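Predicted, not measured: the structure shown is a model, and the values here were computed from it. Lettering follows sequence order; numbering is per chain, from 1. Heavy atoms only: backbone and side chains are in, while hydrogens, waters and symmetry mates are out.
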Amino acid sequence: MVLSAADRAAVRALWRKLGSNVGIYATEALERTFTAFPTTKTYFAHFDLSPGSAQVKAHGNKVADALTTAVAHMDDLPGALSALSDLHAHQLRVDPINFKFLGHCLLVTLARHYPGDFGPAMHASLDKFLSHVISALASSYG
Amino acid sequence: MVHFSAEEKTAVTSLWGKVNVEEAGGEALGRLLVVYPWTQRFFDNFGNLSSASAIMGNPKVKAHGKKVLTSFGDAIKNMDNLKGVFAKLSELHCDKLHVDPENFRLLGNVLVIILASHFGKEFTPGVQAAWQKLVAGVATALAHKYH
(Lines give C-alpha, C1' and ligand atoms only; values in the text may rest on other atoms or scores of the structure.)
Protein backbone atom coordinates (compact mmCIF):
# COMPACT_ATOMS: atom_id res chain seq x y z
CA MET A 1 0.00 0.00 0.00
CA VAL A 2 1.92 2.98 -1.27
CA LEU A 3 0.87 6.54 -0.50
CA SER A 4 -0.13 7.87 -3.89
CA ALA A 5 0.16 11.51 -4.90
CA ALA A 6 -3.62 11.76 -4.47
CA ASP A 7 -3.41 10.30 -0.95
CA ARG A 8 -0.72 12.80 0.03
CA ALA A 9 -2.63 15.73 -1.43
CA ALA A 10 -5.80 14.70 0.39
CA VAL A 11 -4.03 14.37 3.74
CA ARG A 12 -2.21 17.70 3.32
CA ALA A 13 -5.44 19.46 2.40
CA LEU A 14 -7.25 18.10 5.42
CA TRP A 15 -4.35 18.98 7.70
CA ARG A 16 -4.43 22.57 6.42
CA LYS A 17 -8.11 22.65 7.29
CA LEU A 18 -7.50 21.34 10.80
CA GLY A 19 -5.10 24.22 11.32
CA SER A 20 -4.32 24.88 14.96
CA ASN A 21 -6.98 22.40 16.14
CA VAL A 22 -4.82 19.32 15.60
CA GLY A 23 -3.98 19.30 19.33
CA ILE A 24 -7.64 19.34 20.30
CA TYR A 25 -8.44 16.42 18.02
CA ALA A 26 -5.40 14.39 19.07
CA THR A 27 -6.43 14.90 22.69
CA GLU A 28 -9.97 13.75 21.93
CA ALA A 29 -8.56 10.72 20.09
CA LEU A 30 -6.50 9.86 23.16
CA GLU A 31 -9.53 10.20 25.45
CA ARG A 32 -11.52 7.95 23.15
CA THR A 33 -8.69 5.41 23.05
CA PHE A 34 -8.61 5.21 26.86
CA THR A 35 -12.40 4.87 27.08
CA ALA A 36 -12.99 2.43 24.22
CA PHE A 37 -9.81 0.38 24.65
CA PRO A 38 -9.15 0.38 28.40
CA THR A 39 -6.01 -1.78 28.14
CA THR A 40 -4.26 1.27 26.67
CA LYS A 41 -4.50 2.97 30.07
CA THR A 42 -1.83 0.63 31.42
CA TYR A 43 0.79 2.84 29.77
CA PHE A 44 -0.53 5.89 31.58
CA ALA A 45 -0.90 4.65 35.12
CA HIS A 46 0.99 7.76 36.21
CA PHE A 47 -1.48 10.12 34.50
CA ASP A 48 -4.70 11.67 35.66
CA LEU A 49 -7.01 10.21 33.01
CA SER A 50 -10.21 11.94 34.10
CA PRO A 51 -12.07 13.99 31.46
CA GLY A 52 -10.34 17.30 30.82
CA SER A 53 -7.05 16.16 32.30
CA ALA A 54 -4.21 18.61 31.69
CA GLN A 55 -1.76 15.73 31.33
CA VAL A 56 -3.83 14.10 28.60
CA LYS A 57 -4.14 17.45 26.84
CA ALA A 58 -0.38 17.96 26.99
CA HIS A 59 0.15 14.50 25.61
CA GLY A 60 -2.44 15.13 22.90
CA ASN A 61 -0.40 18.16 21.81
CA LYS A 62 2.73 16.01 21.62
CA VAL A 63 0.92 13.47 19.46
CA ALA A 64 -0.43 16.30 17.31
CA ASP A 65 3.06 17.70 16.73
CA ALA A 66 4.34 14.26 15.74
CA LEU A 67 1.46 13.80 13.28
CA THR A 68 2.05 17.23 11.79
CA THR A 69 5.72 16.30 11.34
CA ALA A 70 4.58 13.10 9.65
CA VAL A 71 2.32 15.04 7.26
CA ALA A 72 5.29 17.25 6.34
CA HIS A 73 7.51 14.22 5.67
CA MET A 74 5.29 11.71 3.94
CA ASP A 75 8.19 10.88 1.60
CA ASP A 76 10.27 9.55 4.46
CA LEU A 77 8.16 8.56 7.44
CA PRO A 78 10.67 6.06 8.89
CA GLY A 79 13.34 8.76 8.85
CA ALA A 80 11.13 11.50 10.25
CA LEU A 81 9.76 9.28 13.01
CA SER A 82 12.89 7.27 13.85
CA ALA A 83 13.53 9.01 17.18
CA LEU A 84 9.92 8.47 18.23
CA SER A 85 10.14 4.86 17.11
CA ASP A 86 13.22 4.31 19.29
CA LEU A 87 11.44 5.97 22.21
CA HIS A 88 8.29 3.83 21.92
CA ALA A 89 10.21 0.62 21.29
CA HIS A 90 13.07 0.82 23.73
CA GLN A 91 12.06 3.19 26.49
CA LEU A 92 8.28 3.17 26.63
CA ARG A 93 8.00 -0.37 25.30
CA VAL A 94 4.51 0.11 23.94
CA ASP A 95 2.97 -2.89 22.19
CA PRO A 96 2.43 -1.65 18.61
CA ILE A 97 -1.20 -2.91 18.55
CA ASN A 98 -2.01 0.19 20.56
CA PHE A 99 -0.99 2.50 17.73
CA LYS A 100 -3.84 0.99 15.71
CA PHE A 101 -6.34 1.77 18.48
CA LEU A 102 -5.21 5.40 18.59
CA GLY A 103 -5.22 5.60 14.78
CA HIS A 104 -8.81 4.30 14.69
CA CYS A 105 -9.93 6.79 17.36
CA LEU A 106 -8.29 9.59 15.41
CA LEU A 107 -10.37 8.60 12.37
CA VAL A 108 -13.50 8.53 14.56
CA THR A 109 -12.65 12.01 15.89
CA LEU A 110 -12.04 13.49 12.45
CA ALA A 111 -15.19 11.83 11.03
CA ARG A 112 -17.16 13.41 13.88
CA HIS A 113 -15.84 16.91 13.36
CA TYR A 114 -15.56 16.95 9.57
CA PRO A 115 -18.31 14.65 8.29
CA GLY A 116 -18.58 16.59 5.05
CA ASP A 117 -14.90 16.11 4.31
CA PHE A 118 -14.77 12.50 5.38
CA GLY A 119 -15.98 10.76 2.22
CA PRO A 120 -14.82 7.22 1.36
CA ALA A 121 -11.79 8.38 -0.68
CA MET A 122 -10.56 10.69 2.12
CA HIS A 123 -11.22 7.92 4.64
CA ALA A 124 -9.06 5.58 2.53
CA SER A 125 -6.21 8.12 2.17
CA LEU A 126 -6.18 8.91 5.89
CA ASP A 127 -6.31 5.25 6.83
CA LYS A 128 -3.34 4.54 4.53
CA PHE A 129 -1.39 7.51 5.90
CA LEU A 130 -1.95 6.39 9.48
CA SER A 131 -0.94 2.82 8.56
CA HIS A 132 2.33 4.19 7.21
CA VAL A 133 2.86 6.29 10.35
CA ILE A 134 2.21 3.22 12.50
CA SER A 135 4.65 1.15 10.40
CA ALA A 136 7.29 3.82 10.79
CA LEU A 137 6.68 4.00 14.54
CA ALA A 138 7.03 0.24 14.80
CA SER A 139 10.18 0.14 12.65
CA SER A 140 12.66 0.24 15.55
CA TYR A 141 11.08 -2.65 17.33
CA GLY A 142 13.48 -5.57 17.81
CA MET B 1 -19.23 -14.28 26.76
CA VAL B 2 -19.49 -10.51 26.43
CA HIS B 3 -21.63 -8.78 29.04
CA PHE B 4 -23.14 -5.40 28.45
CA SER B 5 -24.16 -3.11 31.30
CA ALA B 6 -27.56 -1.44 31.19
CA GLU B 7 -25.81 1.80 30.26
CA GLU B 8 -23.94 0.19 27.41
CA LYS B 9 -27.13 -1.38 26.06
CA THR B 10 -28.89 1.99 26.19
CA ALA B 11 -25.95 3.68 24.43
CA VAL B 12 -26.27 1.15 21.61
CA THR B 13 -30.05 0.88 21.27
CA SER B 14 -30.79 4.59 21.51
CA LEU B 15 -28.42 5.33 18.62
CA TRP B 16 -29.58 2.31 16.63
CA GLY B 17 -33.14 3.58 16.69
CA LYS B 18 -32.02 6.55 14.60
CA VAL B 19 -29.93 4.63 12.07
CA ASN B 20 -31.18 4.21 8.50
CA VAL B 21 -30.16 0.57 8.12
CA GLU B 22 -30.33 0.55 4.34
CA GLU B 23 -28.18 3.66 3.92
CA ALA B 24 -25.72 2.91 6.68
CA GLY B 25 -25.34 -0.69 5.53
CA GLY B 26 -24.48 0.34 2.00
CA GLU B 27 -22.09 2.96 3.28
CA ALA B 28 -20.34 0.59 5.68
CA LEU B 29 -19.82 -2.16 3.13
CA GLY B 30 -18.87 0.36 0.45
CA ARG B 31 -16.24 2.00 2.64
CA LEU B 32 -14.86 -1.43 3.60
CA LEU B 33 -14.31 -2.18 -0.09
CA VAL B 34 -12.78 1.26 -0.75
CA VAL B 35 -10.53 1.57 2.30
CA TYR B 36 -9.45 -2.11 2.38
CA PRO B 37 -9.46 -3.05 -1.32
CA TRP B 38 -8.44 -6.67 -0.72
CA THR B 39 -11.88 -7.27 0.73
CA GLN B 40 -13.19 -6.99 -2.82
CA ARG B 41 -12.01 -10.56 -3.28
CA PHE B 42 -15.30 -11.74 -1.76
CA PHE B 43 -17.42 -9.78 -4.21
CA ASP B 44 -16.12 -10.68 -7.67
CA ASN B 45 -19.64 -11.06 -9.01
CA PHE B 46 -20.80 -7.65 -7.83
CA GLY B 47 -19.96 -5.90 -11.08
CA ASN B 48 -18.23 -2.54 -11.23
CA LEU B 49 -15.93 -1.99 -8.23
CA SER B 50 -13.33 -0.03 -10.19
CA SER B 51 -13.42 3.24 -8.25
CA ALA B 52 -14.67 4.68 -4.97
CA SER B 53 -17.69 6.21 -6.65
CA ALA B 54 -18.43 2.98 -8.59
CA ILE B 55 -18.31 1.03 -5.34
CA MET B 56 -20.44 3.46 -3.32
CA GLY B 57 -23.04 3.60 -6.11
CA ASN B 58 -23.07 -0.14 -6.86
CA PRO B 59 -26.59 -1.51 -6.23
CA LYS B 60 -25.30 -4.96 -5.22
CA VAL B 61 -23.02 -3.39 -2.63
CA LYS B 62 -25.92 -1.40 -1.23
CA ALA B 63 -28.19 -4.44 -1.13
CA HIS B 64 -25.62 -6.60 0.55
CA GLY B 65 -24.73 -3.84 2.98
CA LYS B 66 -28.36 -3.65 4.01
CA LYS B 67 -28.40 -7.43 4.59
CA VAL B 68 -25.29 -7.23 6.75
CA LEU B 69 -26.54 -4.35 8.85
CA THR B 70 -29.97 -5.92 9.29
CA SER B 71 -28.12 -8.81 10.87
CA PHE B 72 -26.45 -6.35 13.20
CA GLY B 73 -29.90 -5.21 14.18
CA ASP B 74 -30.75 -8.75 15.22
CA ALA B 75 -27.60 -8.79 17.32
CA ILE B 76 -28.63 -5.59 19.05
CA LYS B 77 -31.92 -7.19 20.07
CA ASN B 78 -29.95 -10.06 21.61
CA MET B 79 -26.82 -8.53 23.00
CA ASP B 80 -26.58 -11.16 25.73
CA ASN B 81 -26.40 -14.00 23.24
CA LEU B 82 -24.31 -12.89 20.31
CA LYS B 83 -22.83 -16.36 19.82
CA GLY B 84 -26.31 -17.82 19.52
CA VAL B 85 -27.47 -15.11 17.10
CA PHE B 86 -24.51 -15.61 14.79
CA ALA B 87 -24.02 -19.40 15.02
CA LYS B 88 -25.43 -20.16 11.56
CA LEU B 89 -23.80 -17.12 9.95
CA SER B 90 -20.50 -18.13 11.51
CA GLU B 91 -20.69 -21.54 9.86
CA LEU B 92 -21.63 -19.91 6.57
CA HIS B 93 -18.72 -17.45 6.63
CA CYS B 94 -16.23 -20.21 7.44
CA ASP B 95 -17.45 -23.19 5.43
CA LYS B 96 -18.97 -21.60 2.36
CA LEU B 97 -17.68 -18.04 2.10
CA HIS B 98 -14.14 -18.58 3.47
CA VAL B 99 -13.88 -15.11 4.96
CA ASP B 100 -10.92 -14.28 7.24
CA PRO B 101 -12.50 -13.09 10.52
CA GLU B 102 -10.12 -10.14 10.57
CA ASN B 103 -12.50 -8.64 8.01
CA PHE B 104 -15.31 -8.62 10.59
CA ARG B 105 -13.17 -6.43 12.82
CA LEU B 106 -12.42 -4.10 9.92
CA LEU B 107 -16.12 -3.79 9.07
CA GLY B 108 -16.98 -3.18 12.72
CA ASN B 109 -14.53 -0.29 12.91
CA VAL B 110 -15.80 1.17 9.65
CA LEU B 111 -19.32 1.09 11.11
CA VAL B 112 -18.11 2.94 14.22
CA ILE B 113 -16.53 5.62 12.03
CA ILE B 114 -19.76 6.03 10.05
CA LEU B 115 -21.78 6.39 13.24
CA ALA B 116 -19.31 9.04 14.42
CA SER B 117 -19.76 11.02 11.21
CA HIS B 118 -23.57 10.78 11.36
CA PHE B 119 -24.07 11.40 15.06
CA GLY B 120 -21.29 13.87 15.83
CA LYS B 121 -21.89 15.36 19.24
CA GLU B 122 -23.96 12.41 20.42
CA PHE B 123 -21.13 9.99 19.69
CA THR B 124 -19.32 10.60 22.97
CA PRO B 125 -16.34 8.50 24.08
CA GLY B 126 -18.69 6.48 26.32
CA VAL B 127 -21.08 5.78 23.45
CA GLN B 128 -18.15 4.85 21.21
CA ALA B 129 -16.85 2.47 23.89
CA ALA B 130 -20.19 0.63 24.04
CA TRP B 131 -20.22 0.30 20.26
CA GLN B 132 -16.62 -0.92 20.14
CA LYS B 133 -17.61 -3.61 22.63
CA LEU B 134 -20.57 -4.58 20.46
CA VAL B 135 -18.64 -4.76 17.18
CA ALA B 136 -15.88 -6.75 18.89
CA GLY B 137 -18.52 -9.10 20.31
CA VAL B 138 -20.13 -9.53 16.89
CA ALA B 139 -16.75 -10.21 15.25
CA THR B 140 -15.91 -12.80 17.89
CA ALA B 141 -19.35 -14.44 17.60
CA LEU B 142 -19.01 -14.61 13.82
CA ALA B 143 -15.62 -16.27 14.19
CA HIS B 144 -16.81 -18.67 16.85
CA LYS B 145 -17.68 -21.61 14.60
CA TYR B 146 -14.49 -21.48 12.57
CA HIS B 147 -12.48 -24.64 12.58
Give the C-alpha distance, both sets of side-chain angles, the deciding distance and a yes or no for side-chain contact (heavy atoms from CB on, under 4.5 Å) between A:F101 and B:Q132. CA-CA 11 Å; A:F101 294 147; B:Q132 297 289 169; over 6 Å; no
For A:H123 and B:V34: C-alpha separation, side-chain torsions, deciding distance, then whether side-chain contact (heavy atoms from CB on, under 4.5 Å) applies. CA-CA 9 Å; A:H123 179 171; B:V34 169; over 6 Å; no
So for atom [atom1], which belongs to [X], do other residues, nucleotides or ligands contribute more than 12 heavy atoms lying within a distance under 6.0 Å?
X: A:H73; atom1: NE2; result: no
X: A:K62; atom1: NZ; result: no
X: A:Q55; atom1: CD; result: yes
X: B:E102; atom1: CD; result: yes

Under a 4.5 Å cutoff for heavy-atom pairs, which residue among B:K121, B:K133, B:E27 has the most contacts with chain A? B:K121
Might you point out which heavy atoms bring B:S117 and A:P115 nearest each other, and give the distance in Å?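 Between these two residues, the closest heavy atoms are O-CB, 3.5 Å.
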On a heavy-atom basis, which atom in A:A36 and which in B:A129 lie closest, and how many Å separate them?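 Looking at all heavy atoms of both residues, the closest pair is CA-CB, 3.7 Å.
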Given heavy-atom pairs under 4.5 angstrom as the criterion, report whether the side chain, backbone, both or neither of B:T124 touches chain A. backbone
Okay, B:F119 and chain A: the region with an atom under 4.5 Å from a heavy atom over there is neither
Applying a strict under-4.5 Å side-chain criterion to I, L, V, M, F, W and Y, I'd like to know whether A:L130 and A:I97 cluster together. no
Considering only heavy atoms, which portion of A:F37 lies under 4.5 Å from any heavy atom of chain B: side chain, backbone, both, or neither? side chain
side-chain contact (heavy atoms from CB on, under 4.5 Å) assessment of A:H104 paired with B:I113: CA-CA 8 Å; A:H104 168 67; B:I113 287 171; 3.9 Å; yes
Top contributor to chain B interface from A:C105, A:G119, A:P51 [non-hydrogen pairs under 4.5 Å]: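 So the answer, after comparing A:C105, A:G119, A:P51, is A:G119.
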Which pairs, with at least one residue in residues 79-88 of chain B and sequence neighbours excluded, count as a salt bridge (Lys or Arg N to Asp or Glu O under 4.0 Å)?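 Applying salt bridge (Lys or Arg N to Asp or Glu O under 4.0 Å) to every pair that reaches into residues 79-88 of chain B, excluding sequence neighbours, yields B:K9-B:D80.
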Nearest 0.5 Å, what's the CZ-CZ distance between B:F123 and A:R32? 6.5 Å
Atom pair NE2 (B:H118) and CZ (A:R112), whose distance is rounded to the nearest 0.5 Å: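 Taking NE2 in B:H118 and CZ in A:R112, the distance rounds to 14.5 Å.
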Please list, chain by chain and in numerical order, all residues satisfying side chain to side chain contact (heavy atoms under 4.5 Å, CB included) with A:K41, sequence neighbours excluded.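 So A:K41 forms a side chain to side chain contact (heavy atoms under 4.5 Å, CB included) with A:F34, A:P38, A:L49.
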So do A:T35 and B:Q128 actually touch side chain to side chain, heavy atoms under 4.5 Å? no
